[in-house]
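Here's the structure, in structure tokens; my notes come after.
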Amino acid sequence: MAEMLVQMQGVTKQFEGATLVSRLLTLGRDTRRPHVALRDVSFELQSREIVGILGGSGAGKSTLLHCAAGLMTPTQGQVRVMGENPAGFTTRVRGRIGWVPSLDTSFHPRLTGYENLLFFAELYGVPRARRERLVLDLMATVGLSTPLDRIVRHYSAGSRLRLSIARALMGEPALLLMDEVTMGLDPRRRDAFYTQVTDLVNARGAGVLLSTRDFTEAQYLCTRVLVLDEGHVAADGQYMMVEAVAEAIFRRHGAEERV
Amino acid sequence: MKAGSAALGAFWRLEWRIRRRDTRRLLSSAMSAILVPILALLSVPLVDPAGFARSTGATVESWPLHVVSGYVAVMVLAAAVPLLRDRLRRYQETGFLEACVMTQTPLWKTVLAMPVYDVAMELVGGSVLMLATLALTSGLPVLSSWLVATGFLLAGTATCVLLGIASACMTLAFRASDPMGSVAMGVTLTASGVLVPRALLPDPLAWLGALSPVAPMLDGVRLAFAYEGWNPALMPVIQHQLAIAFVFGLLALATIRWALGRVLHEGSFAD
């Protein structure tokens with residue numbers, strides 16, 4: 001039976017601009033203006049689903065993912081991940097979310113990939129006796145063949161992505177959140193990534209929520225697509241059903257946005 | 001899997017692995033650990049130890065310990081406040097902090113674990129240095145002196161870490177270096193008795209210096225060795241230490257709570 005993983009109801013996220021204190025502390029460099037990133041967003045995601053959030057720059061894709069990950073609280077509305085508020089830092093829910101960020105710098109650059117995974121395994125509370133075995137198994141699962149003694153700053157973009165996925169799988173997640181992770185990957189590595197995600201969903205029964213600007217990715221990888229336009233859901237359904245809406249939005253914002 | 005309780009061990013091993021690999025950094029730390037105290041000790045004859053003794057009522061022989069304990073206090077404070085602040089900011093910029101938070105380790109445990117390696121190293125190095133100074137000047141201290149001094153060192157270090165957490169959380173919230181840590185360093189260097197005894201400073205400056213997290217630690221350590229162990233004269237210093245630790249504890253708690261709320265609102269665990 002499918003498990004309800006993410007429920008968002010009427011989620012609105014409004015950012016305030018720079019405050020006087022933050023402007024003073026940054027010597028005027030903080031020039032953020034107030035803006036609304038998400039407007040009344042509602043959707044659900046169940047296990048074994050791969051839902052793509054398709055939208056251009058500033059559409060609110062990352063904000064939505066951050067709200068689902070509990071890394072950001074919405075201004076209005078309700079976010080439930082596996083029935084709980086993800087921002088509550090409850091151990092049960094956190095442990096079941098795998099996070100693959102868009103930043104490929106989220107590892108310690110002075111450690112090797114293997115050492116980075118050992119570090120995160122410790123933070124995940126993996127017992128010492130199981131740690132090394134688990135890390136090696138995860139590296140094999142994601143097909144990371146980089147030498148163990150190579151430090152992360154010398155990794156290719158593809159290897160970093162694999163490392164990131166290995167870290168996300170460490171807590172045996174029921175939900176994987178991925179934020180524009182295939183940007184900068186060549187087509188061959190991108191195809192390998194699609195296969196990997198599909199295999200993970202089939203093998204572990206996890207649900208995946210990923211943000212993308214790539215129509216091909218939305219078409220071939222996602223079982224459902226949520227089209228975001230300036231913070232609101234413009235369309236929600238299978239790719240064939242939302243393609244025309246997404247095309248129109250991307251045309252309006254300039255063709256160069258489309259990947 | 002029991003998560004969240006292993007942050008201390010994880011960050012300890014992380015720092016150890018980095019230092020083991022980066023021999024340049026290791027050498028530079030070792031050189032500064034050797035050279036700075038030597039320079040501090042060489043400066044002793046230049047600063048009129050006799051005048052120091054006349055004005056503070058201490059003995060001339062206690063001047064080297066005065067200098068070395070001041071040096072140790074500054075190093076501990078530097079490891080606990082600006083180093084932690086800069087490290088946390090770097091981890092925020094790179095997304096490393098966000099990845100740590102997603103492991104369900106609470107933010108306060110992550111922040112608390114970050115400076116432990118550096119602070120512990122400074123504390124161990126400083127203790128050895130003070131022992132060496134005492135051995136060279138007035139002979140090895142009695143065990144009770146050493147125990148009392150260690151108590152003050154640990155309490156003062158914990159207070160410095162609390163200030164460091166508050167400063168780091170301000171940095172995290174505003175995504176910019178916060179001035180709190182710099183002010184604390186400035187006050188400590190000029191008015192807390194690191195080099196110039198507080199008794200020699202004008203009253204307003206001496207009062208300001210007494211608010212530094214290292215002020216009671218310095219008083220306690222110096223008196224512990226001067227009195228050779230426990231003495232009722234240490235009681236006001238203990239009260240001072242407890243009051244300062246309480247204030248900085250409240251400050252750290254309030255700041256971490258406020259910063260977490262702000263970071264969750266902004267979604268700024270990563271830049």
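Naming convention: chains lettered A, B, ... in sequence-line order (proteins, then strands); numbering from 1 in each chain.
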Extract all donor-acceptor atom pairs below 3.5 Å that involve side chains of residues 202-214 of chain B and protein atoms in other chains or at least two apart in sequence.
residue: B:S212; atom: OG; partner: B:T188; partner atom: OG1; Å: 2.8
residue: B:S212; atom: OG; partner: B:V214; partner atom: N; Å: 3.2

Counting only non-hydrogen atoms closer than 4.5 Å, does [X] touch chain B with its backbone (N, CA, C, O), its side chain (CB onward), both, or neither?
| X | answer |
| --- | --- |
| A:T112 | both |
| A:F107 | backbone |
| A:H108 | both |

Side-chain donor or acceptor of A:S106 paired with backbone N/O of B:G95 under 3.5 Å = no

Please table the atom pairs, donor to acceptor, closer than 3.5 Å between any side-chain atom in residues 260-270 of chain B and protein atoms at least two apart or in another chain.
residue: B:R262; atom: NE; partner: B:A173; partner atom: O; Å: 3.2
residue: B:E266; atom: OE1; partner: A:R32; partner atom: NH1; Å: 2.3
residue: B:E266; atom: OE1; partner: B:R175; partner atom: NH2; Å: 3.2

Count the heavy atoms belonging to other residues, nucleotides or ligands that lie under 6.0 Å from CH2 of B:W108, then report whether that count exceeds 12.
->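 Not more than 12 within 6.0 Å, no.
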
Flag if over 12 foreign heavy atoms under 6.0 Å of CD, A:Q9 |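 No, the 6.0 Å shell around CD holds no more than 12 heavy atoms from other groups.
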
Nearest heavy-atom pair of B:A10 and A:E122: which atoms, and what distance?
->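 That would be N-OE2, 3.2 Å.
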
What is the minimum heavy-atom distance between A:L123 and B:T105, and which atoms define it?
->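 Distance-wise, the nearest heavy atoms are O-OG1, 3.2 Å.
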
What distance do B:R17 atom CZ and A:I151 atom CD1 have between them, rounded to the nearest 0.5 Å?
->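 Output value for this atom pair is 14.0 Å.
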
Got a second to check how far B:R13's CZ is from A:L118's CG, nearest 0.5 Å?
->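 Here the interatomic distance stands at 9.5 Å.
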
Close side-chain approach of B:C100 and A:F119, heavy atoms under 4.5 Å = yes

Does the side chain of A:M170 come within less than 4.5 Å of B:T103's, by heavy atoms?
->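 They are not in side-chain contact.
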
So which part of B:Y91 gets closer than 4.5 Å to some heavy atom of chain A, the side chain, the backbone, both or neither?
->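 Just its side chain gets close to chain A.
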
